[in-house]
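We count ligands from 1, going down the list as the structure has it; atoms in each ligand are counted the same way.
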Amino acid sequence: MAHRPYIVGNWKMNGSRTMLAEARAIDRAALRYPDVQIALAPPFPFVGLLREAVNAIGIGGQDCHTAAKGAHTGDVSAAMLADIGADFVILGHSERRRDHHESDSLIRAKADAALAAGLGIIVCVGETLHERDAGQAEAVVSAQVDGSLPLGDAALEAAQAYKLAVAYEPVWAIGTGRVAAVEDVVAMHAAVRERLTAAYGDAGAKVRILYGGSVNAENAAGLLAAQGVGGALVGGASLTADAFLPIVAAAGQGEG
Ligand code: PGA
C-alpha cells in the first residue's frame, strides 16, 4: 500500500518573521489536502517559531550534528530539534555535501543521531551533471544510498513507521529551472528502491522516495504521477503559499 505523498518545502537559508504568514497560509490550506503529508524545513532560528505557528503540517530542520550536545560551536543537535518540536530533519543535501564537504559516512552518523532523537529523516542523494554525462548517475546515487542511509534496528523501525525518506535531487536540477526528464526520474527511483530493499528488506517499500530539483506548479503533476515518485522536496517554490500550494494540490490528485 502506497503511503500518502510527502511534499516538503526546503526553505534553505531563506526566512524571516514576516514569512511566518506564508507558513500559516500553507497550514490553513493543508486541511483541504488530508491525503497529502505536508512539511516545511526553515532555517534553525525559525524552527520553533514555525512549530508554534502551524498545526496541520510537519516542521523540520535542514541539518543536525552527530552528537546530542557538547563543544561544537555553531552546530545544532537532533535532540535540540526534537526538543523544540521538530518532526524531522533533512540530511545530506547536495548544498551541504558541497559547502561543508559532508561525506556519506558523516550523513549516516547524523541519520543515526536523528533517529535516536526520535526524528524522521529525509536523506538527499543526487548526481552532478558531470557524473550524468559520464553515464555514472545510477552508480553514484546507489553508492550514496548505500553509504548514507542508517542501518540497524533503529533504521528498520523508522522505515516501518514511514519515518525514512530519500530525496533524489540531481544536482544540476537544483535551483536551475532545469527539471529531470520523467523517464530518468522513474529509472533512478527504481534504482534507489532496489538499494532500499537490499538494506531494509520488505520495510524498504515503506521508505518514500521524493524527487527534488526545480519542482514547480507547472511540472509537479507530471513528476508526482510518475511511477515510484512518493513526493517532492521543493526549494524555491516553497517560499510562498501561492507557489507551494499548487504542488500540494497536484500531489492530492496524483497516485502517490
Ligand atoms: P529547488 O530546490 O526546488 O529550488 O530546485 C530543491 C532542493 O534543493 O531541495
* To do: Give a yes or no on whether the backbone of Asp35 and the side-chain of Arg4 come within a donor-acceptor separation of less than 3.5 Å.
  => no
Residues with a heavy atom under 4.0 Å from ligand 1, by chain and number, are Asn10, Lys12, His93, Glu169, Ala173, Ile174, Gly175, Gly213, Ser214, Leu233, Val234, Gly235, Gly236
Can you classify the ring geometry of Tyr162 versus His3 as parallel (below 30°), tilted (30 to 60°) or perpendicular (above 60°)? parallel
Contacts of His72 meeting ring-ring contact (aromatic ring centres under 6.0 Å, His included) (sequence neighbours excluded), chain-then-number -> His65
Sorted by chain and number, sequence neighbours left out, side-chain contact (heavy atoms from CB on, under 4.5 Å) with Glu194 holds for none
So salt bridge (Lys or Arg N to Asp or Glu O under 4.0 Å) across residues 41-70, not counting sequence neighbours, yields Arg51-Asp87, Asp63-Arg96, Asp63-Lys110
d(Trp172 CH2, Ser214 OG) to nearest 0.5 Å is 9.0 Å
